[in-house]
Amino acid sequence: MAAATASIAESLTNTSTRSSLPLKLSQLQNFCKRDPDGYKEDYDAQCRRLVSLVGILLLSPNADPSPNLVELIQFMAAVSSSSYKGDESDRVASLLMDLLVGSNNGAQDLGINGTTANLHSTLPLAALQLHRDIRKACVSALILMRNKGAVPPLRLLQLFFQLMAVVADKNLRECLYHHIVNDIRNINKNGKRDEKLNRTIQSFFHRIVAASANESIPGGEDSPTDHAAKRAVQMTCDLYRRNVWNDERSVHILATAAASPNASVMSRALRFFLNIEEAMALDKKSSEDREWDGHQKIDLHLHSKKTKARQRVIEKQVKMRQRKQHEREGHILAQREDGGVESSKKLFPAIELLNDAQGLAETVLKRIKSSGSNTYKFEVKMLMLNFVTRVVGNHELLLLQLYPLLQRYMGGHQRDVTAILAYCVQSCHSYVPPDEIYPLLKTIAHNFITERCSGEQMAVGINAVRAICSRVPSVLSGDDGDEKDGKVASSSTWDVEAFVRDLAGYAKHRDRSVSIAGRGWVNFIREVYPSLLQGKDRGLVGTGLHRAGEKPLRYGEVKAATGVEGADLLAAYEASKKAAKAAGSMKDCEEEGDSDDEESASSWIEVEDDDNSDIEIDDDEDVSEDEAPDLIQLGEDDEGNDTSGKVSEELQDLSKLSETERAKLQQQVSSTRIFTSAEFAKMQKLVERQQQARRDPRMAAKMKRAIAKGDEFADISDEDSVDSDDEEIHISGAVTPTDIMADAKRKRMSKAEKLQKILEGRQKWEAKERAGGSTNIEKKRRKNFSMSKFSYQTRKKLGEKSTAKQGKKKRKIEGGRDSKKRRRKATNLPSN
């Protein structure tokens, strides 16, 4: 009896424990993970329960859901993706997808097994009326299953895009957006890229954007496809910015979005092309700053026990901080821009990856011209103009209908006219015909560079004209670039010389900003075409370039290279050095011959003539083998004339050669020898020296005198190596510490450095190492005072001292009143 009672009690206890397990889903989840086979029946029971609840909810989506449904969905997603991955996880994922789309066959419509269907713009009413908490629970469960690898990414992509496009839930859209971006980043992180999957997802994004571009109407309302296209464009921009998708396929997606009629989709793509480089640079800088801040923090254990292990950790951290500091300083110096045009030209890799830049620019420009005043906002039109001009300038496209459109927006009272002028400048390049630029310059001159405009407007106009002419130098050359009868040829449409001199007159304007812009214009013309300026405005550099015949190339004219630049100068340099060496050796030989003659004359040997014997000399005696044979000059011809001197003389004086002869010499030298790195550096130095002589008449005259003396290359030494500071090969855009030394702030010297500098100056003063006689200051110091007491400097000092004494006397008046206050004179007072 007792045994039966005990067994019944045990069975009741087991039954109650077993029945309470399904009610505690967290415990069942733990048991299923520990023993999947033992608790398979309990899992199946919960799965059947979920199916029944989902079916009831699909029949009446407006009804309140079961309070345990959210917990049950999370339980099924967690257990199926870990303990029963495979068929069970696929069944749970399909069930949740059916619930989200509001149909029983929603899983078949989605992208399964790598296939993607067209995006549905609507959902059934059951899906739209689904409770917010249930929808969020289903999405969280699917994201959990995807993170554990139970669901492929393509299976969820179209579903999530469909939800983002249709469901009006901001929090849900943000959650789906961040999941898709992070999922793609995780697929491609740590150098493990799945290119096949990336191409499939990018193709899906491109189809969404293309569908939006085909269905949208300019100025119309946004459709669900437009919302999905916005998200696709935003995801592509974010992935490009994070260096996940920085290839041509991503740029093609954004180029398709830039051609979309929808303003929101188009503006996001245009902002990407215009601002992506600055955003990526800012991200890189912020990450470097965070890394640097992390290395700066060192735990010195000031308030803890000092141990050897902690000391080693501190030393390691200090060394790491020093290494990072050196890397940071080197990176900062490498990123600084120099003053060159090529190095300061900003690159736009995203724009450079465009496949059909000409077609895209024409499409966007056509949309600007065809759109009315109410189709797009003014800000969107400015964005479109900025993009078109940027593409035209970067790819050097010919889009002739762009310049009349820009001319329409160049009014003096136009909104954001400074930005329009900037767009006009960046749309110009060397392949634009000058006839398209003349109307722009005339419009700018008439609307901005007049006396009725303010100083700021005039300065902006002059700077814009200078920037345009610097990008299109053929504007200044006119129709015929040759000068006839000492006059500069002008264009048939306008007088270039008069225009240039008119703007040069603003260099003496009363407004400071206008005068600065005018001086900048004069300096630019001095460098490009100094013949257009008057003689008084050319300056030293302009005069030298004017004499050298400096002028810009005409439109379509190209200066072809006939050889390596500076090859003729290198040949002349080597010939000059060889001639100088030969002359020096001949001079040494003559000096040695003179000294031998003197020695032989002073060293006669006296011989005793006791036996009065004569010494016979045989004229036919052979020359001994110890005597040196006669030397033959290598440069002599059959007649004995020296021919090597002619070539060396021609090479030494290149000024006697015409341009055609120099080009032929340059081509000959370039084609008959292989230059070393040292010779390339030498040619670069010779070319720079020649260019400087063209710009400076005084240096040109100095070189002319040196050529007459035969010392043209005396200031250049063969001992200069490539590693020297003057002959370093400078990469365009790279800056070394030597280049920026003069612009950097002066470092504070230590006490030892100050003392060393003082001692060096004292020694130099005492030894008088300076060349020449005494300076004017030293002469003035030694002059007798009676000779200089009536000088201006002495009288000025005396005046200052006397004025100071008078000021002291005035301040000592009664009452202590200020000497600057005027006091009434006490004269002509009425008597009592």
Side-chain angles (χ1 to χ4, degrees), residues 111 114 116 119 139 142-143 146-147 149 151-165 172-213 225-260 262 264-287 290 347-355 360 387:
T116 54
L119 185 67
V139 170
L142 290 173
I143 292 175
R146 169 69 195 109
N147 292 336
V151 181
L154 296 177
R155 192 175 180 184
L156 297 178
L157 184 63
Q158 186 177 1
L159 172 65
F160 286 171
F161 261 94
Q162 196 169 357
L163 292 177
M164 283 192 297
L172 180 66
R173 290 198 299 266
E174 293 296 329
C175 179
L176 295 175
Y177 173 81
H178 290 297
H179 164 70
I180 295 175
V181 173
N182 292 329
D183 192 16
I184 297 174
R185 289 181 60 192
N186 293 332
I187 292 172
N188 297 278
K189 72 176 181 180
N190 297 330
K192 299 179 181 179
R193 298 180 61 86
D194 192 348
E195 294 297 339
K196 184 178 180 180
L197 183 60
N198 287 333
R199 285 195 298 268
T200 306
I201 298 175
Q202 287 172 343
S203 300
F204 178 73
F205 283 3
H206 184 264
R207 282 200 296 272
I208 293 176
V209 175
S212 173
T225 309
D226 295 334
H227 289 294
K230 290 179 192 176
R231 291 294 179 176
V233 172
Q234 190 174 358
M235 288 178 188
T236 308
C237 296
D238 197 359
L239 292 171
Y240 190 98
R241 182 175 179 177
R242 298 174 186 270
N243 287 322
V244 179
W245 283 358
N246 49 4
D247 52 358
E248 295 181 358
R249 293 190 295 269
S250 303
V251 175
H252 186 57
I253 295 171
L254 297 169
T256 306
S260 175
N262 186 271
S264 302
V265 178
M266 177 182 58
S267 60
R268 292 191 183 190
L270 296 183
R271 287 191 180 93
F272 164 80
F273 282 112
L274 297 173
N275 303 322
I276 183 61
E277 296 304 317
E278 298 178 0
M280 294 178 70
L282 185 62
D283 292 343
K284 185 178 180 181
K285 183 179 179 182
S286 60
S287 63
R290 287 194 299 269
L347 300 178
F348 305 92
I351 288 183
E352 291 177 356
L353 292 175
L354 288 174
N355 189 18
L360 180 60
F387 173 73

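- Between Ala259 and Leu360, the shortest heavy-atom contact is CB-CD1, 4.1 Å.
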- Could you walk me through whether Asn147 and His179 pass side-chain contact (heavy atoms from CB on, under 4.5 Å), step by step? CA-CA 10 Å; Asn147 292 336; His179 164 70; 4.1 Å; yes
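- Annotation for Ala229 and Val265: closest pair CB-CG2, 4.1 Å, computed over non-hydrogen atoms.
- With values rounded to the nearest 0.5 angstrom, His252 atom NE2 is found 9.5 Å from Ser203 atom OG.
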- Stepwise side chain to side chain donor-acceptor pair (under 3.5 Å) check, Ser250 with Asp247: CA-CA 6 Å; Ser250 303; Asp247 52 358; 2.9 Å; yes
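- Enclosure of atom CD in Glu248 is not indicated, since only 12 or fewer non-hydrogen atoms of other residues, nucleotides or ligands lie within 6.0 angstrom.
- In this structure, OG on Ser264 lies 11.5 Å from CD on Gln234, to the nearest 0.5 angstrom.
- A distance of 13.0 Å separates CG in Leu154 from CG in Leu159, rounded to the nearest 0.5 Å.
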Determine all donor-acceptor pairs shorter than 3.5 Å in which one atom belongs to a side chain in residues 180-188; sequence neighbours excluded.
| unit_1 | atom_1 | unit_2 | atom_2 | d |
| --- | --- | --- | --- | --- |
| Asn182 | ND2 | His178 | O | 2.9 |
| Asp183 | OD1 | Arg146 | NH2 | 3.3 |
| Asp183 | OD2 | Arg146 | NE | 3.0 |
| Asn186 | ND2 | Asn182 | O | 3.0 |
| Asn188 | OD1 | Asn198 | ND2 | 2.6 |
| Asn188 | ND2 | Ile184 | O | 2.7 |
| Asn188 | ND2 | Asn198 | OD1 | 3.2 |

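- Aromatic pair Phe161/Phe205: centroids less than 6.0 angstrom apart.
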- Task: Would you please test Ser260 and Val233 for side-chain contact (heavy atoms from CB on, under 4.5 Å) and show each step?
- Result: CA-CA 11 Å; Ser260 175; Val233 172; over 6 Å; no
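- Distance check: His206 NE2 to Thr256 OG1 gives 3.0 Å after rounding to the nearest 0.5 Å.
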- Message: Using the rule given for side-chain contact (heavy atoms from CB on, under 4.5 Å), can you reason through Cys237 versus Leu254, listing the C-alpha separation, both sets of side-chain angles and the distance that settles it, and then say yes or no?
- Response: CA-CA 8 Å; Cys237 296; Leu254 297 169; 3.6 Å; yes
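- Interatomic distance, CZ of Arg241 versus CG of Asn246, reported as 14.0 Å (0.5 Å rounding).
- In terms of modelled atom types and a separation under 3.5 Å, the side chain of Arg193 and the main chain of Val244 share a donor-acceptor contact.
- Between Ile208 and Arg231 the shortest side-chain heavy-atom distance does not fall below 4.5 Å.
- Of the residues listed (Phe272, Tyr177, Trp245), the one engaging Asp238 in a side-chain contact (heavy atoms from CB on, under 4.5 Å) is Tyr177, and it is the only one.
- Note that the CG atom of Leu282 and the CD atom of Glu277 stand 12.5 Å from one another [nearest 0.5 Å].
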